[in-house]
Q: 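So that we are looking at the same thing, I have put the structure below in structure tokens.
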Amino acid sequence: ILLCALFIAGIAVGSAVFSKNNSLAEFSKNMFESYISTHQNKHWFYVLISSFAKYMFVLLLYFLSGTSMLGVAVVPVVTFWQGVIAGSVSSYLYSCYSLKGVAFNAVILVPPSIIFTICCFFAAKESIGFSLFMAKLTLPKSKPASMYNDFRKYCGKFIIFAVALIF
């Protein structure tokens, strides 16, 4: 619930700050132009690989954050930043293309973003859980434990998230 609230707060902040922050507006413009150039007049396999690579970068960020004790703090920041990006790109579309931007966002950007965001929420949950598990092992009165099976399960879940992103 906290991750959803952070994501929604990020969308609100990205939308509200878009018109006041030139660097965020330029970033949103570059993100949109990159999306268009990646998808326009390209072979479907190129688009698949390109999109998957972008999604995997974020998933890898969640994975690596979860393998450290700092993941408890880093993962919510990444989730918030994803919301800021989504809000600012939507604001860019609305401000530059008005009704066409609304339609483009609703038909082209939102459906894959929903799947990606759901995968990211599950990945973030797992990252925070594993990061907390590691942090508990460092407490003074904790008993030493093998992390092999837990890390194997953690990696397996992220493989499932990656497979879901490909579809």
Side-chain angles (χ1 to χ4, degrees), residues 1-21 23-25 27-32 34-35 38 48 50-94 101-102 104-139 142 145 147-167:
I1 293 173
L2 178 64
L3 292 170
C4 276
L6 282 171
F7 183 75
I8 292 169
I11 290 173
V13 167
S15 298
V17 174
F18 171 78
S19 62
K20 297 173 182 82
N21 189 331
S23 60
L24 186 60
F27 177 77
S28 301
K29 178 182 176 187
N30 291 339
M31 289 282 293
F32 178 69
S34 170
Y35 181 86
T38 301
L48 174 73
S50 176
S51 298
F52 182 68
K54 289 176 185 174
Y55 291 153
M56 277 305 294
F57 175 75
V58 176
L59 199 63
L60 182 64
L61 190 61
Y62 279 122
F63 179 81
L64 293 176
S65 296
T67 59
S68 74
M69 292 186 299
L70 290 175
V72 175
V74 172
V75 168
V77 171
V78 171
T79 303
F80 179 78
W81 182 245
Q82 280 183 270
V84 169
I85 291 171
S88 65
V89 169
S90 295
S91 293
Y92 171 76
L93 285 172
Y94 301 159
V102 172
F104 185 88
N105 195 30
V107 175
I108 304 296
L109 293 182
V110 170
S113 294
I114 289 173
I115 296 167
F116 173 62
T117 303
I118 290 170
C119 281
C120 284
F121 283 154
F122 283 115
K125 177 185 168 282
E126 292 301 322
S127 293
I128 290 174
F130 195 73
S131 183
L132 280 174
F133 174 71
M134 287 179 47
K136 288 177 185 176
L137 288 177
T138 63
L139 295 175
S142 66
M147 294 177 50
Y148 175 75
N149 286 331
D150 294 313
F151 186 68
R152 208 174 88 207
K153 289 177 188 175
Y154 180 71
C155 291
K157 289 177 182 178
F158 271 84
I159 289 171
I160 291 170
F161 299 146
V163 169
L165 285 180
I166 248 184
F167 288 112

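Throughout, numbering of the chain's residues begins at 1 and tracks the sequence.
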Q: Of the non-hydrogen atoms in A106 and P111, which two are nearest, and what is the gap between them?
A: O-CD, 3.5 Å

Q: Walk me through whether F80 and V13 qualify under side chain to side chain contact (heavy atoms under 4.5 Å, CB included).
A: CA-CA 9 Å; F80 179 78; V13 167; 3.9 Å; yes

Q: Over 60° means perpendicular and under 30° means parallel, so classify the ring planes of F158 and F161, tilted if in between.
A: perpendicular

Q: Please name all residues satisfying ring pair (Phe, Tyr, Trp, His ring centres under 6.0 Å) with Y35, sequence neighbours left out, ordered by chain then number.
A: H39

Q: I'd like to know if the side chain of S51 reaches the main chain of L48, judged simply by a donor and an acceptor atom lying under 3.5 Å from each other, with no hydrogens or angles considered.
A: no

Q: Answer whether the closest heavy-atom distance between the side chains of F27 and I85 falls below 4.5 Å.
A: yes

Q: Quick one: OG on S142 to CG on L137, what's the gap to the nearest 0.5 Å?
A: 5.5 Å

Q: With a 4.5 Å cut-off on side-chain heavy atoms, are M147 and F133 touching?
A: yes

Q: What are the two closest heavy atoms between G87 and S15, and how far apart are they?
A: O-OG, 3.5 Å

Q: So, do I128 and L3 sit near enough that their side-chain heavy atoms are less than 4.5 Å apart?
A: yes

Q: Could you measure the distance from the CZ atom of F7 to the OG1 atom of T117? Nearest 0.5 Å is fine.
A: 4.0 Å

Q: Could you report the tightest heavy-atom contact between F18 and A25, atom names first, then the distance?
A: CE1-CA, 3.5 Å

Q: Can you give the donor-acceptor pairs under 3.5 Å from side chains of residues 53-77 to other protein atoms, not counting sequence neighbours?
A:
from	atom 1	to	atom 2	distance (Å)
K54	NZ	S34	OG	3.4
K54	NZ	T38	OG1	3.4
Y62	OH	T79	OG1	2.9
Y62	OH	Q82	OE1	2.5
S65	OG	L61	O	2.8
T67	OG1	L64	O	2.7
S68	OG	S65	O	3.3
S68	OG	L70	N	3.4

Q: Give a yes or no answer on whether the side chain of S131 reaches the backbone of S127 with a donor-acceptor pair at less than 3.5 Å.
A: no

Q: Quick one: CG on D150 to SG on C155, what's the gap to the nearest 0.5 Å?
A: 11.0 Å

Q: Could you state the interatomic distance from CZ (F130) to NZ (K157), rounded to the nearest 0.5 Å?
A: 10.5 Å

Q: In Å, rounded to the nearest 0.5 Å, how long is the span from CG of N30 to OG of S23?
A: 11.0 Å

Q: Quick one: does V102's side chain get under 4.5 Å of L93's, heavy atoms only?
A: no

Q: Any chance CZ of F104 has more than 12 other-residue heavy atoms, nucleotides or ligands included, within less than 6.0 Å?
A: yes

